[in-house]
Protein chains: 2
Amino acid sequence: MQATAFSPHDHTHCISSAISHAQSLCANRGVRLTPVRQRVLELVWQSHQPIGAYELLASLAKEGFNSAPPTVYRALEFLSDQDLLHKLESVNAYVGCCNPDTPHQGHFLLCQICHQAQELDSQYITLALKLSADQHGFEIQHHTIEIVGTCQGCLDKSKTPESVL
Amino acid sequence: MQATAFSPHDHTHCISSAISHAQSLCANRGVRLTPVRQRVLELVWQSHQPIGAYELLASLAKEGFNSAPPTVYRALEFLSDQDLLHKLESVNAYVGCCNPDTPHQGHFLLCQICHQAQELDSQYITLALKLSADQHGFEIQHHTIEIVGTCQGCLDKSKTPESVL
DNA sequence: TTGATTATTGTTATAATATAACATAACATG
DNA sequence: CATGTTATGTTATATTATAACAATAATCAA
């Protein structure tokens, strides 16, 4: 399996595909992807780096949208409810969800060098969480799984200093 | 394995043992468990419910300690550096660490009914995280693993309504 | 279409969480 | 005891998030 966020890829395609996906998904669900909601989703998808609420707000302001905090927090809440994005609790920032059709909680790899986030949906992790919870008679509702470290690309770069090139 | 936080236990013993443990550990490490640091640790250990920084601050204020935010955040930082407590990122609150001798990151079960937190150190979870990271060539530095749900005790209570008693 | 209903957005204010920056005090050690 | 280091005091402010209520827009039944 290849980690998309950490690898070169056609990111314009990421964005447009996420948006058109979101549009049809909202239509099917009978919920409204209003202009501000769609714009927040586009902004979140501008990169695979999680983005903060107030950074989104600044962008909205430049573009002539209303820009009081509730505007962006409401949009984020809607998008989160629709599984179109995830909040990364350890950095108070938001990333687009790759897989909004099936309700799930992601597992995230966060690179501390390039700051990109890769969402996983690891069956290993899901199973391990379930086993551990079961051992304690604990019933899982949801979880926060955020793994911070260094991605392959940044590891490679650190191992090839310029002096060697 | 029994989840201490979720089970009846001698909690006074929890506190005193955590404090005396912290004292010897700090002595061994040549770092200072000053009065405000020790008091913050005691307050964190008052229960197995994670406690917020400003709630700690309010307690310190009542007790005559200095009570500007940096006071408590500095103490929390020290205690965290010494592995004496953990921050739960999903709730912005702090819990005492059961096992400060061996540097580790805990895995947490958070009960949404009784709000208690149980720290685990599950080899299943550790292994699953490592496997997933390895698959992506990702090198782990640290992680946030917080599982929210209902603990066994609260499940039992919800299954025994008063009408049945 | 109209009016009732609900969903969405606008607006103001404030809550909750956390840190910067610099001054002072306490401690450790040669 | 002088000096460097660690810890604390103090003021101010940054960052993240929500409450509360007003206004507007979409929806839909009659």
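Lettering follows sequence order; numbering is per chain, from 1. Keep in mind that the numbers below use all heavy atoms, side chains included, and drop hydrogens, waters and symmetry copies.
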Please tell me whether [X] and [Y] have a donor and an acceptor in their side chains that are separated by less than 3.5 angstrom.
X        : Y        : result
B:His9   : B:His48  : yes
A:Thr102 : A:Asn99  : yes
A:His136 : B:Gln152 : no
A:Glu146 : A:Ser90  : yes
A:Gln38  : A:Gln23  : yes
A:His107 : A:Gln118 : no

Is A:His11 reaching over with its side chain to a backbone N or O of A:Trp45, donor-acceptor style, under 3.5 angstrom?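 Yes: the side chain of A:His11 pairs with the backbone of A:Trp45.
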Keeping to residues at least two apart or across chains, list the salt bridge (Lys or Arg N to Asp or Glu O under 4.0 Å) pairs with something in residues 57-70 of chain A.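 Qualifying pairs, neighbours excluded: A:Arg39-A:Glu63.
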To the nearest angstrom, how far is [X] atom [atom1] from [N] atom [atom2]?
X       : N      : atom1 : atom2 : value
A:Glu77 : D:dA17 : CD    : P     : 13 Å
A:Leu57 : D:dT15 : CG    : C1'   : 12 Å
A:Leu33 : C:dT9  : CG    : P     : 10 Å
B:Leu56 : C:dA18 : CG    : P     : 11 Å
A:Tyr73 : C:dT14 : OH    : P     : 18 Å

Mark yes when over 12 heavy atoms from residues, nucleotides or ligands other than A:Phe65 sit less than 6.0 Å from its CZ; otherwise mark no.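 Enclosed.
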Take nucleotides 6-13 of chain D nucleotide by nucleotide from the 5' end and write B, S or -, depending on whether a protein heavy atom sits under 4.0 Å from the base, only from the sugar-phosphate, or from neither. -SBBBB--
Under 4.5 Å side-chain heavy-atom separation, chaining through any Ile, Leu, Val, Met, Phe, Trp or Tyr, what else clusters with B:Val91? Say none if it is isolated.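 Joined to B:Val91, directly or through intermediates: B:Leu88, B:Val95, B:Phe108, B:Leu110, B:Val148.
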Proximity to DNA chain D (any heavy atom under 4.0 Å), residues of residues 84-97 of chain B only: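 Nothing qualifies; none.
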Set of side-chain hydrogen bond (donor to acceptor under 3.5 Å, both in side chains) partners for A:Asn92, sequence neighbours left out: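 A:Asn92 satisfies side-chain hydrogen bond (donor to acceptor under 3.5 Å, both in side chains) with no other residue.
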Give me the bend of the helix from C:dT1-D:dA30 to C:dG30-D:dC1, using the axes of the five pairs at each end, rounded to 10°.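 Comparing the axis at each end, I get an angle of 30°.
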